[in-house]
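Here is the naming used below: chain letters follow the sequence lines, and residue numbers restart at 1 for every chain.
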Amino acid sequence: MPQKLFNTKTRKKEILQPVKESAIGMYVCGITAYDVCHVGHARAAVVFDVVFRHLKARGYNVTYVKNFTDIDDKIIDRANKEGVDIYRITERYIKLHDEDMAALNVLTPTVTPRATAHMSDMIDLIAILEGKGIAYAVDGDVFFAVDNYPAYGGLSGRHLDEMMAGARVDVNDKKRNPLDFVLWKKSKEGEPFWESPWGKGRPGWHIECSAMSRKYLGETFDIHGGGEDLVFPHHENEIAQSQAATGKPLANYWMHNGFVKINAEKMSKSLGNISPIRDIIQHYHPEVLRLFILQSHYRSPVDYSDTAMKETRTALIRCYSALQLMKETKDKLGSHSGDSLLSDQSGYVNKLEELKDQFNEALDDDFNTAQALGYVFETARLINNINAVEKKMEPVAKKIILDTATGVFSHFGNVLGIFQHDPEVFFLTDRVIEAGKRGLDVSRIELMITERQKARADKDWSRADDIRRDLASQGVILKDSADHTTWLIE
RNA sequence: GGCGGCAUAGCCAAGUGGCUAAGGCAGCGGUCUGCAAAACCGUUAUUCAUGAGUUCGAAUCUCAUUGCCGCCUCCA
């Protein structure tokens with residue numbers, strides 16, 4: 001099955017045909033480094049991380065470029081407020097970004113370029129545009145003349161005349177057309193600046209992506225991604241700049257992820273409902289956030305809420321429970337070797353392989369992680385079913401089946417970037433997080449469990465049940481097995 | 001004003017012309033268990049906002065109606 005993806009430019013699902021066979025160049029707009037990353041950044045990062053992982057798993061040699069915008073008005077504002085230079089700000093927030101991404105198990109892109117390290121590339125590009133008469137310089141500023149680029153508006157489906165009608169006209173006497181956008185901005189007194197043919201200044205917002213994608217991926221590459229808010233004006237302007245300069249398409253496929261709402265409201269600073277990643281992972285295992293993001297299709301809006309995260313946590317626990325059970329069963333089976341498989345049991349192996357194929361095909365179809373997760377949960381059920389039903393199966397046959405299941409689940413986890421922990425470690429982390437949220441004392445809980453174990457050994461059921469009821473009232477759920485008791489916070 | 005999107009069970013969410021409408025959460029019945037929890041088995045939408053149309057056949061296509069939402073200004 002060929003890879004399909006929804007192309008914002010054509011508003012259709014298309015078959016991915018790379019510029020270079022079996023290689024993919026992908027550029028995703030990263031963050032402006034002036035504040036900590038929030039759940040919306042997490043979504044974009046996780047979505048394109050899965051695109052990156054799946055394409056690699058399908059055998060493509062992917063070059064993934066994700067930039068840092070490290071020169072911008074907001075950065076300058078922040079630096080002024082703190083009385084430091086902009087590098088103090090950008091270094092801080094890039095570092096925090098990297099920590100958040102690592103916590104979310106987002107793979108580091110192939111290249112993570114910064115705007116300020118590519119000044120000459122940007123200046124070269126602007127000079128080309130000026131040379132072609134598409135850009136014009138006025139008193140130290142350089143603007144892109146939208147009237148000189150007839151295809152303007154092609155990505156976002158807008159027409160110049162319509163935009164003119166509804167435009168909030170930017171008060172700027174220097175512009176020939178109010179929709180012209182700045183390529184190079186003359187620096188004001190005290191602002192950071194770089195030398196250029198137009199004097200001291202700094203780049204406009206859009207030009208860095210045009211310059212850096214050109215440098216690392218060439219004039220035409222395969223996939224350009226970002227949040228849906230970037231369609232206009234950012235990506236529209238990138239296309240205008242790059243294509244006016246090169247005469248070639250910038251990217252063949254444009255992918256945009258949907259927004260994250262918070263409790264059904266738009267996330268915004270004025271509502272004060274921005275959820276930073278580092279706050280969320282204090283309250284939930286990072287894989288819960290990842291799973292939450294991947295449970296919806298990447299183009300749909302999602303509604304982040306505590307209720308939704310609780311439900312997702314339960315779903316993740318379900319998967320880890322299956323993994324743990326599988327691991328325990330395998331340990332008990334020991335090291336039986338051999339490859340004999342009875343025909344009635346090979347059905348399980350075939351079913352597992354089929355689920356793996358279905359999972360891959362779901363991702364081939366516009367990275368449908370929600371559908372792919374349906375197969376993940378079916379696999380978890382199948383594993384549990386085998387463990388529950390096949391008590392008398394030949395150990396050799398069972399081991400082959402469970403080894404297959406382990407491999408299949410490992411594939412799911414590697415592509416989605418979840419199930420990356422030993423189940424014991426996952427449950428331990430989860431207990432610590434949940435106990436912390438409720439102010440429960442883990443060591444005290446474990447003392448009570450030890451005491452209850454003594455009571456159970458003495459068959460003092462009423463004492464054992466009293467302790468369990470006491471713990472249950474604090475949300476602690478016990479799970480007894482023959483020789484020990486594990487626990488979980490509901 | 002312009003452009004675009006969405007509406008599927010109690011909740012979340014796949015499915016965009018034809019097998020029994022995935023999956024998760026919640027609920028109910030059963031098995032297992034000292035009792036539980038987890039797990040397993042069964043069950044929970046004759047129907048996909050409403051109305052009309054196209055078609056042998058529609059949740060899926062067309063039109064209309066209603067209701068939400070996003071972008072057009074910095075934003076993942």
Worksheet entry | Whole angstrom value for the distance that separates P of B:rC74 from CD of A:E208 | 14 Å
Worksheet item: Aromatic rings A:H235 and A:W254: how do their planes relate, parallel, tilted or perpendicular, breaks at 30° and 60°?
Response: tilted
Worksheet item: Testing A:N105, A:T312, A:D49 for side-chain hydrogen bond (donor to acceptor under 3.5 Å, both in side chains) with A:R290, which one passes?
Response: A:D49
Worksheet item: What nucleic acid atoms does A:K479 come within less than 4.0 Å of, heavy atoms only: base, sugar-phosphate, or nothing?
Response: base
Worksheet item: Does a side-chain N or O from A:N368 land closer than 4.0 Å to OP1 or OP2 of B:rA14, or not?
Response: no
Item to complete: Examine B:rC12: is either OP1 or OP2 under 4.0 Å from a nitrogen or oxygen in the side chain of A:K310? Give yes or no.
Response: no
Fill in: Nucleotide of B:rG15, B:rC40, B:rG34 approaching A:N385 most closely (side-chain heavy atoms)
B:rC40
Discussion item. What is the distance, to the nearest angstrom, from the CE atom on A:M267 to the C1' atom on B:rC69?
Written reply: 15 Å
Discussion item. Please report the distance, rounded to the nearest Å, between NE2 in A:H234 and C1' in B:rC72.
Written reply: 17 Å
Worksheet item: Base, sugar-phosphate alone, or nothing: which one does A:L230 contact when heavy atoms must sit under 4.0 Å apart?
Response: sugar-phosphate
Discussion item. Measuring only the P atom in each nucleotide, how far is B:rU62 from B:rU20? A whole number of Å is fine.
Written reply: 26 Å
Worksheet item: Counting any heavy atom closer than 4.0 Å, what does A:N384 reach on the DNA or RNA strands: base, sugar-phosphate only, or nothing?
Response: sugar-phosphate
Worksheet, complete the sentence: For nucleotides 23-29 of chain B, 5' to 3', base contacts (B), sugar-phosphate-only contacts (S) and non-contacts (-) with protein non-hydrogen atoms under 4.0 Å give SBS----
Discussion item. Can you see whether A:F232 has A:R158 sitting over its ring - NZ or CZ less than 6.0 Å from the centre and within 45° of the normal?
Written reply: yes
Worksheet item: Which value, in whole Å, describes the distance between the C1' atoms of nucleotides B:rG15 and B:rG24?
Response: 16 Å
Worksheet entry | Plane angle bin for A:H234 and A:H206 - parallel if under 30°, tilted between 30 and 60°, otherwise perpendicular | tilted
Fill in: Euclidean distance, atom CG of residue A:L291 to atom C1' of B:rC12 [Å, nearest integer]
12 Å
Discussion item. Suppose you measure atom C1' in B:rA22 against the same atom in B:rA45; what distance do you get, rounded to whole Å?
Written reply: 13 Å
Worksheet entry | Whole-Å P distance, B:rA59 and B:rU47 | 11 Å
Worksheet item: On a whole-Å scale, what distance lies between the P atoms belonging to B:rG29 and B:rU66?
Response: 45 Å
Discussion item. Whether A:K175 engages the ring of A:F143 as a cation-pi pair (distance to the six-membered ring centre under 6.0 angstrom, angle to the ring normal within 45°) should be assessed.
Written reply: no
Worksheet item: For the residue pair A:D366 and A:F6, what are the closest heavy atoms and their distance?
Response: OD1-N, 2.9 Å
Response to the item:
Sorted by number, residues from residues 444-462 of chain A placing a heavy atom under 4.0 Å from RNA chain B are A:R452, A:R456, A:W461
Discussion item. Say we look at B:rC61 and B:rC6: how far apart would their P atoms be, to the nearest angstrom?
Written reply: 9 Å
Response to the item:
Testing B:rC72, B:rA76, B:rA13 for proximity to the side chain of A:S296, the answer is B:rA13
Practice prompt. Would you please classify the geometry between the A:Y320 ring and the A:F427 ring as parallel, tilted or perpendicular, with 30° and 60° separating the classes?
Written response: perpendicular
Practice prompt. Take the protein atom CG of A:D303 and the nucleotide atom C1' of B:rC69, then report the distance between them rounded to whole Å.
Written response: 11 Å
Worksheet item: Whole Å only: how far is the CZ atom of A:R299 from the C1' atom of B:rU16?
Response: 11 Å
Worksheet item: Does the pair A:F419 and A:F412 meet the rule for a ring-ring contact (aromatic ring centres under 6.0 Å, His included), with working shown?
Response: CA-CA 8 Å; A:F419 318 136; A:F412 295 159; 7.9 Å; no
Discussion item. Using side-chain heavy atoms (C-beta onward) and a distance below 4.5 Å, is A:I262 in contact with A:V39?
Written reply: yes
Worksheet entry | Distance (rounded to the nearest 0.5 Å) between A:N350 CG and A:L355 CG | 11.0 Å
Worksheet item: Is A:S156 touching bases, backbone alone, or none of the nucleic acid, heavy atoms closer than 4.0 Å?
Response: sugar-phosphate
Worksheet item: A:Y149 vs A:F144 aromatic rings, parallel, tilted or perpendicular, using cut-offs 30° and 60°?
Response: perpendicular
Discussion item. Applying the 5.5 Å / 30° rule, does A:F259 stack onto the base of B:rA76?
Written reply: yes
Discussion item. Measuring from the side chain of A:S300 (C-beta onward, heavy atoms only), which nucleotide among B:rA14, B:rC72, B:rC74 has the closest atom?
Written reply: B:rA14
Item to complete: Indicate, with a heavy-atom threshold strictly under 4.0 Å, whether A:I477 touches base, sugar-phosphate, or nothing.
Response: sugar-phosphate
Fill in: Sole candidate of A:E238, A:H256, A:M26, A:K9 that passes side-chain contact (heavy atoms from CB on, under 4.5 Å) when paired with A:H224
A:E238
Practice prompt. Look at the side chain of A:D229 against the base of B:rG70 and say whether a donor-acceptor pair falls under 3.5 Å; ignore hydrogens and angles.
Written response: no
Item to complete: Could you tell me whether A:V260 contacts a base, only the sugar-phosphate backbone, or nothing, with contacts defined as non-hydrogen atoms closer than 4.0 Å?
Response: base
Worksheet item: Base, sugar-phosphate, or nothing: which does A:G40 touch, judged by heavy atoms less than 4.0 Å apart?
Response: base
Fill in: Residue mapping more 5' on RNA chain B - nearest nucleotide basis, A:Q371 or A:S481
A:Q371
Item to complete: Run through A:V106, A:I31, A:L107, A:T108 and flag the one making a side-chain contact (heavy atoms from CB on, under 4.5 Å) with A:M101.
Response: A:V106
Worksheet item: Could you give the CD1-to-P distance, from A:I94 to B:rA76, as a whole number of Å?
Response: 14 Å
Discussion item. Angle between ring planes, A:F221 versus A:Y27, binned at 30° and 60°: parallel, tilted or perpendicular?
Written reply: tilted
Discussion item. Dot-bracket for RNA chain B, please. Rules: Watson-Crick or G-U, both distances under 3.5 Å, ( ) within the strand, [ ] when a pair crosses earlier ones, | for another strand, . otherwise.
Written reply: ((((((((.[[[..)..(....]]].(((((.......))))).....[[[[[..)....]]]]])))))))....
Practice prompt. Can you tell me the distance, in whole Å, between the NE2 atom of A:H297 and the C1' atom of B:rC6?
Written response: 14 Å
Practice prompt. Quote, to the nearest angstrom, the C1' distance that separates B:rC28 from B:rG67.
Written response: 33 Å
Worksheet item: Relative to the 5' end of RNA chain B, which residue comes earlier, A:S321 or A:P233, by the nucleotide with the nearest heavy atom?
Response: A:S321
Worksheet item: Passes ring-ring contact (aromatic ring centres under 6.0 Å, His included), A:F367 versus A:H297? Steps please.
Response: CA-CA 8 Å; A:F367 307 100; A:H297 187 94; 8.9 Å; no
Discussion item. Between B:rA39 and B:rA49, how many Å separate the two P atoms, rounded to a whole number?
Written reply: 32 Å
